[in-house]
Number of protein chains: 4
Amino acid sequence: MVTQPVKEDRRQELVRAAYNQIAERGFEGLRTREVAAEVGLNIATLHYYFPTKEALIRGVVEHAMGRFRTTLAPHGSPADQLRNHLRAVRKLLREEPQLGTVLGELNLRSARDPAIAGIMRQTYDGWHQTLRGLLRRAVKEGHLRPDIDSDEVAALVVAALTAMTLPTLSSSPRTDQALRQLERWLGIAAPRQKRSNYPSK
Amino acid sequence: MVTQPVKEDRRQELVRAAYNQIAERGFEGLRTREVAAEVGLNIATLHYYFPTKEALIRGVVEHAMGRFRTTLAPHGSPADQLRNHLRAVRKLLREEPQLGTVLGELNLRSARDPAIAGIMRQTYDGWHQTLRGLLRRAVKEGHLRPDIDSDEVAALVVAALTAMTLPTLSSSPRTDQALRQLERWLGIAAPRQKRSNYPSK
Amino acid sequence: MVTQPVKEDRRQELVRAAYNQIAERGFEGLRTREVAAEVGLNIATLHYYFPTKEALIRGVVEHAMGRFRTTLAPHGSPADQLRNHLRAVRKLLREEPQLGTVLGELNLRSARDPAIAGIMRQTYDGWHQTLRGLLRRAVKEGHLRPDIDSDEVAALVVAALTAMTLPTLSSSPRTDQALRQLERWLGIAAPRQKRSNYPSK
Amino acid sequence: MVTQPVKEDRRQELVRAAYNQIAERGFEGLRTREVAAEVGLNIATLHYYFPTKEALIRGVVEHAMGRFRTTLAPHGSPADQLRNHLRAVRKLLREEPQLGTVLGELNLRSARDPAIAGIMRQTYDGWHQTLRGLLRRAVKEGHLRPDIDSDEVAALVVAALTAMTLPTLSSSPRTDQALRQLERWLGIAAPRQKRSNYPSK
DNA sequence: AATGAATGAGAGTTCATTCAT
DNA sequence: AATGAATGAACTCTCATTCAT
């Protein structure tokens, strides 16, 4: 009853250390020895908790997707939820920049690793569907322009948020601009200065 | 007249082989021996052309950015150019899926490699500015809604197209959906189904 | 009580194996794989004890200088000590011919490797000073001719003994002759043949 | 009639370049490519003149021994010749420090390379015999103390001069001291200041 | 007489993994 | 639950040598 949690802690420590390593050096630079050292353990001990490097990576995948899912907890009206979601994602990525990198790495790795691909597709699918649902309800409740194809817009939102993940884009101020434009089009932008709401064509 | 091209050919062959390897296995799985073998050369010969692995990678970066730049060649009205550009990018990524992967890999690597970061930022900056210019002119010529902030929209386009790069997104039909939505918002969507509702120039 | 020595043993084994390799094939022919094999270890294990080849070499330098220092342990009158020292060196080099070669190799390498140069200069300086001290005291006690410049003679002794190190000289009987002549000039020669013409103390 | 000398020139250039390389980096660091480059030639061309690296090294051995032999050209009385010889060697080694290093390297290499060993032994034998001859005649003519064993003294001179070769010793002022002491013992020291000639025992 | 291109054989080093303790 | 020691396999890079031109 005490050992189990302790063991879980060690595992979590290792996963988190690996997560940080991937963020810092990519999969290319992920070294089990480094991970173990960061936790203050011998490599042999790492292998006690995770039989192979791959097992450790799977742990990281789940950890990363978990971090990400937190932004989807919904409260308020659909339009509010949408706005809040976009904000939550931006905030999360700003406050924990490693997450973006790791997500990018996982994204690329999923092309070669079906296990990762599965987990990620699942998460992205869930995300897409949640967004689509929000959009539909927002339209139905009159908070959003009716000419919107909720499926396509959901896809666009996912794409835009995902792109924020990549270093070249995320390090420039443009990503924020892109999201602002998106919000404006959707009509959920928080009123800034005197910039008018969109006048539909 | 023959010698120069021959040498250039070998170098190009090696770069292309490396490019393919990166697309297939990522930087993580890039092996100089494999690259050389794919061209039918000994590793020592690879090192004859590229003193180090890094030098080879720099060759790949330039090659990849070069492929990418081809989509920016402009003809016609700004609106046409925009439409054509989006299409060209989609087509390129569809026909040469490796490019997306390599771009993604480079993107991530640029976080750790200033040399790559420099080249990529330059390319992306150029891209962004070209788009912004097109948008501005399209607005001025009345082909686009005037309420558009060309800077923000350019950023959104770049983000959306870039996201297409990532396996998880690019392998789903959603990316196309996202771009379609974008075109529709911009008012440059090509006729869908019954050549319906967009005002062609 | 057992673990520490065991580790030290492995390191020592590796150093000694490297020492032998250098004696046999010179730095030119020193191969870490060979060294490891001679101890019955995998190369990776060698790198477990010595991170780099250079680290191993530093180990060899210290080992060699250590062997050499043993000849400087002094007992008896200064004249006796001098005589014994010359003899000890000759004996050591005769019984462990590798030492001469390794010393020669280190000597040459010290021209390119400041770390080695430092260690060797230190040892040689100590040697020179010890000899000078012995000579001075021997003169003062009347065992040696008073017209001797102890500094210069010490230098000559060091030079002569060092030259014994080099294969071309050490393999001929001349080196012994040279030292005998030196002893005779100093007046510390041991009785040759019919216990003849030197004035014992 | 023109080609031969030209060819000889190229060969000499290569030998001299190799000689310098050995002096700078030792056999350990001798690279044929570097040698060729220093002469402004392609490696393939080096192999046109010297089929193998070993052949080039043999060229260096002969070159080095040649440089060395120049000090043995004798004029004047035996005592003068001796004095001049010692001086010539010191001067040569001071003015062309590479020679010492190369000699040292060759000395060590001769332990593993019979071909080199042969050439060197020959040269050293000649040297020893020349010195012995000079010493004998000097004694006979009354210029040297009669209690000298010319064989042993010759050996000592050779040893002392050879030791000058080694970096650790040659870089200190002691080597000169050693030779001065030797000259004083022999009684061929040039009168310096008011230092008396040796008072024989 | 000279070279560009190519290579086989290795060099030192790295790393995930194993195992006795 | 933890570790020191050990390893196989692989990696990038080097170098003397060859050969067609």
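Convention: sequence-line order gives letters A, B, ...; per-chain numbering from 1. All heavy atoms count here, side chains included; hydrogens, waters and symmetry mates do not.
- Using a 4.5 Å cut-off on side-chain heavy atoms (C-beta onward), D:Leu41 and D:Tyr48 make no contact.
- The phosphate of E:dA6 has neither OP1 nor OP2 within less than 4.0 Å of any side-chain N or O from B:Tyr48.
- Of the candidate nucleotides E:dT7, F:dT7, F:dC19, F:dT7 has the atom lying nearest to any side-chain atom of C:Ala44.
- The side chain of D:Leu41 sits closest to E:dT3 out of F:dA6, F:dC13, E:dT3.
- Between C:Asn42 and F:dA6 there is no side-chain polar atom (N or O) within less than 4.0 angstrom of OP1 or OP2.
- Distance, C:Glu28 CD to E:dG10 P: 16 Å, rounded to whole Å.
- Summarising the geometry, the separation between CD on C:Glu34 and P on E:dG10 is reported as 11 Å, rounded to the nearest angstrom.
- The side chain of C:Thr32 lies closest to E:dG12, out of F:dT12, E:dG12, F:dG4.
- Across all strands shown, E:dA6 forms a Watson-Crick or G-U wobble pair, both distances under 3.5 Å, with F:dT17.
- Within 3.5 Å, no donor on the side chain of C:Arg31 pairs with an acceptor on the base of E:dG10, nor the reverse.
- Judged by closest nucleotide on DNA chain F, A:Leu46 is the one of A:Leu46 and D:Thr52 placed further toward the 5' end.
- In this structure, C:Ile43 atom CD1 and F:dA10 atom P are separated by 14 Å, rounded to whole Å.
- At F:dG4, none of the side-chain N or O atoms of C:Arg10 fall inside 4.0 Å of OP1 or OP2 (strictly under the cut-off).
- For A:Asn107 (side chain) and B:Thr168 (main-chain N/O), a donor-acceptor pair under 3.5 Å exists by modelled atom type.
- In this structure F:dA9 sits in a base pair with E:dT14, meeting the Watson-Crick or G-U test at under 3.5 Å.
- Distances shown here put a side-chain N or O of C:Tyr49 below 4.0 Å from the OP1 or OP2 atom of F:dA6.
- Of all nucleotides listed (F:dA16, E:dT13, E:dT3), E:dT3 comes nearest to the side chain of D:Thr45.
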